[in-house]
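Notes follow the structure.
Just follow the structure's listing: the first ligand is 1, and inside any ligand the first atom is 1.
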Amino acid sequence: MWFYKLMQTLHVELGERRYPIFIGSQLDPKQLLEPYIHGQQVMIVSNETVAPLYLSHYQEALKSLGKTVATCILPDGEKYKDIQHLNLIFDALLEAGFNRDCTVLALGGGVIGDMAGFASACFQRGVYFIQVPTTLLSQVDSSVGGKTGINHPLGKNMLGAFQQPQVVLADMAQLDTLPDRELSAGLSEVIKYALLGDADFLVWLEQNMDGLIGRDAELLAEAVYRSCAHKARIVANDEKEQGERALLNLGHTFGHAIESYLGYGTWLHGEAVATGMVMAADLSQRLGWISSDDVERTKKIIQRANLPISCPKIPLDEFLGYMAHDKKVLNGQLRLVLLKQLGQAVITKDFDVELMKQAILANQHG
Ligand code: NAD
Ligand code: GLY
């Protein structure tokens with residue numbers, strides 16, 4: 001008999017599109033997914049790294065529910081998050097003869113979730129979608145909230161759709177196989193939620209960071225729960241990012257500049273966001289909003305998660321050039337997510353650009 005070692009449920013409150021996030025360890029996909037699969041056909045999209053680890057578990061569960069299960073296994077990597085590889089999902093759906101009441105199930109990290117979700121939004125103008133995120137980053141961020149998409153040679157995540165899943169199943173047991181660096185990258189997004197909206201969560205992270213790095217499943221589940229609770233609340237208020245949802249980009253404008261300059265794949269997204277959050281905290285201090293002790297506290301929790309607090313030297317004009325391409329640029333004006341205090345972020349265009357340059361330069365090395 002199955003038992004749940006841990007199991008918590010949250011909901012993203014989007015009216016008729018309300019959906020649950022199940023968070024636990026050794027979750028039973030058969031029981032948890034059954035109510036959310038509407039038709040008979042399920043396409044599992046995964047990649048060459050995750051499929052050998054977890055695909056058979058989900059295939060068996062779905063087959064035991066009497067479903068027709070097909071698979072599409074993509075190569076592993078951000079560089080394959082493109083239109084050519086998206087098309088492989090459409091090929092698989094069409095070759096399997098899937099119809100409009102099929103479900104696309106993403107089994108993998110954020111790359112697979114974004115691609116499978118976008119494919120499900122496009123195929124026959126939209127079919128059902130399920131997220132089974134297998135990285136910490138995808139469990140706390142990309143699987144929740146409905147942003148899906150692919151990269152274009154001229155920009156990351158430039159093609160996409162809002163496509164909310166039917167259900168999200170986040171199983172901590174699957175994090176056992178995650179490389180340490182990927183775990184830390186996920187913790188960067190966890191720290192982000194604390195800094196942007198929850199001072200108590202920051203204290204909790206300070207108390208429990210060693211256990212999180214040590215992969216304590218109960219602590220990880222708690223961190224995922226608290227992170228998803230924040231994201232779910234923000235998404236319920238602002239699904240299409242007209243306002244508050246932009247707060248989730250704390251550290252991202254600086255981080256995207258670092259990622260773009262170094263070349264995608266050199267630094268992980270979460271690593272770049274970590275240094276980006278230090279720059280955002282530093283600028284907030286230069287604006288007189290937070291103290292230098294607050295900046296040190298920010299750096300310390302980031303370091304304890306084995307994440308970088310500074311980036312290699314990047315020519316300032318290039319750094320600013322990349323920042324100018326950020327999706328938060330509105331009417332040609334750069335907006336940044338900054339900290340009024342630890343646990344309270346704001347989105348603002350009212351900052352001194354000279355101070356911003358100082359904050360960037362102060363957090364580079366070499
Ligand atoms: P990823 O999907 O590339 O996964 C990281 C690596 O871990 C990959 O090599 C993957 O194969 C491997 N992996 C996944 N699960 C594993 C497991 N359980 N055991 C062992 N290895 C495993 O990267 P990610 O950090 O999960 O996601 C990054 C992507 O998410 C980016 O493309 C980013 O744009 C996107 N993203 C989207 C949103 C959103 O709201 N849609 C938010 C944040 C990030
Ligand atoms: N990752 C930011 C968002 O989902 O809005």
Side-chain angles (χ1 to χ4, degrees), residues 12 45-55 57 73-82 85 106-118 121 129 131-151 155-165 168 170-190 192-193 196 215 220 227-228 230-253 255-256 259 264-265 267-273 327-328 337 347:
V12 183
V45 180
S46 191
N47 74 20
E48 286 166 350
T49 303
V50 176
L53 297 169
Y54 303 113
L55 177 63
H57 183 53
I73 309 303
L74 299 172
D76 182 3
E78 180 78 29
K79 66 172 183 277
Y80 303 111
K81 193 174 145 180
D82 60 11
H85 292 84
L107 176 66
V111 169
I112 288 296
D114 280 9
M115 293 182 78
F118 189 33
F129 176 44
Q131 285 269 23
V132 181
T134 62
T135 62
L136 182 58
L137 183 137
S138 57
Q139 291 180 348
V140 298
D141 191 357
S142 60
S143 66
V144 174
K147 282 188 185 174
T148 69
I150 57 168
N151 302 326
K156 189 168 147 61
N157 293 328
M158 280 295 152
L159 309 172
F162 283 97
Q163 167 80 333
Q164 300 293 344
V168 181
D171 194 327
M172 300 308 113
Q174 290 167 353
L175 298 181
D176 286 348
T177 51
L178 196 64
D180 288 341
R181 211 176 144 195
E182 297 288 351
L183 186 82
S184 289
L187 286 171
S188 182
E189 302 285 353
V190 172
K192 177 190 79 177
Y193 291 109
L196 76 86
R215 296 172 192 249
L220 284 168
S227 300
C228 287
H230 275 285
K231 183 147 187 188
R233 186 189 54 73
I234 289 174
V235 168
N237 287 339
D238 179 24
E239 183 183 4
K240 300 276 170 75
E241 198 168 312
Q242 304 298 305
E244 186 185 1
R245 186 164 179 170
L247 294 176
L248 295 173
N249 294 315
L250 174 64
H252 284 58
T253 306
H256 280 155
E259 272 183 295
Y264 287 102
W267 270 28
L268 299 178
H269 174 71
E271 293 169 339
V273 166
K327 284 204 223 67
K328 282 185 303 308
V337 183
I347 177 147

With a cut-off of 4.0 Å, which atoms of ligand 1 are near a heavy atom of [X]?
{"X": "Asn47", "value": "10 (C), 11 (O)"}
{"X": "Glu182", "value": "5 (C), 6 (C)"}
{"X": "Lys81", "value": "31 (C), 32 (O), 33 (C), 34 (O), 35 (C)"}
{"X": "Tyr54", "value": "18 (N)"}
{"X": "Glu78", "value": "31 (C), 32 (O)"}
{"X": "Gln174", "value": "17 (C), 18 (N)"}
{"X": "Asp141", "value": "42 (C), 43 (C)"}
{"X": "Asn157", "value": "34 (O)"}

Legend entry - Ion pair check, Asp176 and Arg215, cut-off under 4.0 Å: no
Inset, instruction - Nearest 0.5 Å please: distance from the CG atom of Leu196 over to the CG atom of Asn249. - result: 10.0 Å
Legend entry - Ile112 CD1 to Thr49 OG1 distance, which is reported to the nearest 0.5 Å: 9.5 Å
Residue pair [X] / [Y], side-chain donor-acceptor N/O under 3.5 Å:
{"X": "Gln164", "Y": "Glu239", "answer": "yes"}
{"X": "Ser46", "Y": "Tyr54", "answer": "no"}
{"X": "Asn157", "Y": "Lys81", "answer": "yes"}

Legend entry - Test item: Ile234 and Leu248 side chains (from C-beta on) under 4.5 Å apart, heavy atoms: yes
Legend entry - Close side-chain approach of Leu55 and Ile73, heavy atoms under 4.5 Å: yes
Inset, instruction - Considering non-hydrogen atoms only, spot the tightest contact between Leu137 and Ala185 and give its length. - result: CD1-O, 4.1 Å
Inset, instruction - Return the minimal non-hydrogen interatomic distance between Tyr80 and Met115, and the atom names on each side. - result: O-CE, 3.3 Å
Inset, instruction - Could you tell me how the ring of Tyr193 sits relative to the ring of His230: parallel (under 30°), tilted (30 to 60°) or perpendicular (over 60°)? - result: parallel
Legend entry - Minimum non-hydrogen distance to atom 41 (N) of ligand 1, winning option of Lys147, Lys156, His269, Gln131: Lys147
Inset, instruction - From the options Ala51, Ser188, Gly77, Gly110, select the one whose nearest heavy atom is closest to atom 27 (O) of ligand 1. - result: Gly110
Inset, instruction - With a 4.0 angstrom cut-off on heavy atoms, strictly below it, pick out the residues next to ligand 2 and order them by chain and number. - result: Asp141, Lys147, Lys231, Glu241, Arg245, Leu248
Inset, instruction - Using side chain to side chain contact (heavy atoms under 4.5 Å, CB included) as the criterion, point out the one residue from Asp238, Ile347, Asn237 that pairs with Arg245. - result: Asp238
[X], portion touching ligand 1 at heavy-atom distance under 4.0 Å:
{"X": "Val50", "value": "side chain"}
{"X": "Leu178", "value": "both"}
{"X": "Lys231", "value": "side chain"}

Inset, instruction - Kindly confirm or rule out an N or O of Asp76 lying under 3.5 angstrom from an N or O of ligand 1. - result: yes
Inset, instruction - Could you tell me the residue and atom name of the protein heavy atom closest to atom 35 (C) of ligand 1, and the distance to it rounded to 0.1 Å? - result: Asp114 OD2, 3.4 Å
Legend entry - Shortest protein contact, atom 1 (P) of ligand 1 (heavy atom only): Val111 CG2, 3.9 Å
Legend entry - Residues that Ser138 engages under side-chain hydrogen bond (donor to acceptor under 3.5 Å, both in side chains), provided they are two or more places apart: Thr135
Legend entry - ligand 1 contacted by Gln139 (non-hydrogen, < 4.0 Å): no
